[in-house]
Protein chains: 2
Amino acid sequence: MKLRAIKPVRETQTRILDAAEELFLQHGFEGASMRMLTTRAGVNLAAINYHFGSKDALIEAVLRRRLDPMNSNRVAALDRIEAQAAGRPLEPEAIIGAFVGTSLRMIEDSRGGGRNFIRLLGRTYTDPDKQIRALIGQLYAPAMERYKAAFTRALPGLPRDELVWRMHFMFGTLSYTLAATDTVQLIAGFKAEDRYDARLLEARLTAFLAAGLLAPLQNGAAVRKAA
Amino acid sequence: MKLRAIKPVRETQTRILDAAEELFLQHGFEGASMRMLTTRAGVNLAAINYHFGSKDALIEAVLRRRLDPMNSNRVAALDRIEAQAAGRPLEPEAIIGAFVGTSLRMIEDSRGGGRNFIRLLGRTYTDPDKQIRALIGQLYAPAMERYKAAFTRALPGLPRDELVWRMHFMFGTLSYTLAATDTVQLIAGFKAEDRYDARLLEARLTAFLAAGLLAPLQNGAAVRKAA
DNA sequence: GTCTATATCATGATAGAC
DNA sequence: GTCTATCATGATATAGAC
């Protein structure tokens, strides 16, 4: 009987992706060199080009690995509450909760290293590199359209232009909050243990965003119909 | 009578700062090389080190050139509305308007090239480089403290923890909106001419942020006293 | 103050042995 | 699949002529 070599703990590709996720967050896509990545991953310098083809392709792989399932989760969360509602119109708070909750639950998932990715993601929307912003916009578009449709159904009194801006504001608040979990310290002087209580943060964020989404229109009209 | 050489249109230092402002925005602090900067500025490669000492020092100079006056303007706007109120408590909307308006007015100031800077600033808060984030936090801290005090006086019913988070959310919405004025296109499909109407954007942002700041607390209590 | 020329080092990528 | 060795390029920074 022939003995096979013991498999490494994680596949080389996974080791590279994990290292890249962490180092891209700390140094940016440009600032993290391939030497840094391969050293951290414990693999050879040539491994990135062998497994992914180029550094750019690696960046895309890092983003897709978590973003594709995350978008599926987001859409699934929306499907779930729509099924529960059984045809009745959704509460805007429930839609926001589905969107925000998907991100924040990744922060808690310490095993999957999702926290690094969530913070990385928050930065990526404002990355200097235009191609990276285009990629992320493209990866997001389908889920965003689904949520836009859901908001439109839930809030027929909100004009389309206004909805798009308010979704933009909501998205901005979320992604900044995810990206800047250490800057807040500098600005406000937080206790460290307060920062990653995802449940409390989710409640606070949802309340803030729902109020903003439902703000009175400039002509004074209410957005939500009276109950 | 001795003739002096004609002065260049702008000083070398200003030319470098202007070029850096634009190229840092387009390529990030790390991605914009000194060669790119000096070529764009039409000066010699050695000029940056001669005038600023290093690339890092140039980055700080670029930020300080506009951030210091901007913070002064922010505080002055607050002083002004406090003087107008003559001792009466301020409306939270007025405080938000003072803060937001200072940023958005820089976008309109096409002469000073403030728009580039505002977008650059929006990115800087989530820059990968820790020193840059620390610098920006430090430059912002005094003005932020003034605004925190103003909000505290205007909203005695809002607990301090909650106020700090909501200020964080407001700041995030603003900075993301400033940084991502092109990403919004990808997400929502905007008409281009709509994007830089600063007056309209200011009204929309202020309404959104004020509603979020005044969102009911988790125990259902209202934040603002009834009139 | 401004330039040329250069020192020194790190980068992404690849060729070829094993 | 993984390694070593190396290439071509571009980075920041500086020395020294003018």
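Residue numbering restarts at 1 for every chain, and letters A, B, ... go by the order of the sequence lines.
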Residues within residues 29-40 of chain A bordering DNA chain D, heavy-atom distance below 4.0 Å: none

I need the Asp127(A) CG to Thr126(B) OG1 distance, nearest 0.5 Å. 9.0 Å

Rounded distance (nearest 0.5 Å) linking atom CG of Leu58(A) with atom CZ of Phe24(A): 4.5 Å

Going by an N to O cut-off under 4.0 Å, is there a salt bridge joining [X] and [Y]?
| X | Y | answer |
| --- | --- | --- |
| Arg146(B) | Asp79(B) | yes |
| Glu30(B) | Lys55(B) | no |
| Asp18(A) | Arg10(A) | yes |
| Glu11(B) | Arg15(B) | no |

Output the rounded distance in Å from [atom1] ([X]) to [atom2] ([N]).
| X | N | atom1 | atom2 | result |
| --- | --- | --- | --- | --- |
| His27(B) | dG10(D) | NE2 | C1' | 15 Å |
| Asp56(B) | dT12(D) | CG | C1' | 10 Å |
| His51(B) | dA13(D) | NE2 | P | 16 Å |
| Ile48(A) | dT2(D) | CD1 | P | 13 Å |
| Lys55(B) | dC9(C) | NZ | P | 19 Å |
| Leu58(B) | dA13(D) | CG | P | 10 Å |
| Asn49(B) | dT14(D) | CG | C1' | 8 Å |

Tightest non-hydrogen contact, residues Pro69(B) and Arg64(B), listed as CD-O, 3.8 Å

Step through it carefully: locate the ring centre of Tyr176(A), locate the ring centre of Tyr176(B), and say whether they are under 6.0 Å apart. no

Hey, what are the protein-to-nucleotides 16-18 of chain D N/O distances that come in under 3.5 Å?
none

Check whether any side-chain heavy atom of Asn44(B) sits under 4.5 Å from a side-chain heavy atom of Tyr50(B), and report yes or no. no

Do the side chains of Leu135(A) and Tyr140(A) get nearer than 4.5 Å, heavy atoms only? no

Pairs: protein N or O with nucleotides 3-5 of chain D N or O, under 3.5 Å:
unit_1: dC3(D); atom_1: OP2; unit_2: Asn44(A); atom_2: N; d: 3.4
unit_1: dT4(D); atom_1: OP2; unit_2: Asn44(A); atom_2: ND2; d: 3.4

With no hydrogens and no angle check, do the side chains of Arg74(A) and Ser103(A) hold a donor and an acceptor under 3.5 Å apart? yes

Does dT2(D) have OP1 or OP2 under 4.0 Å away from a side-chain N or O of Thr12(A)? yes

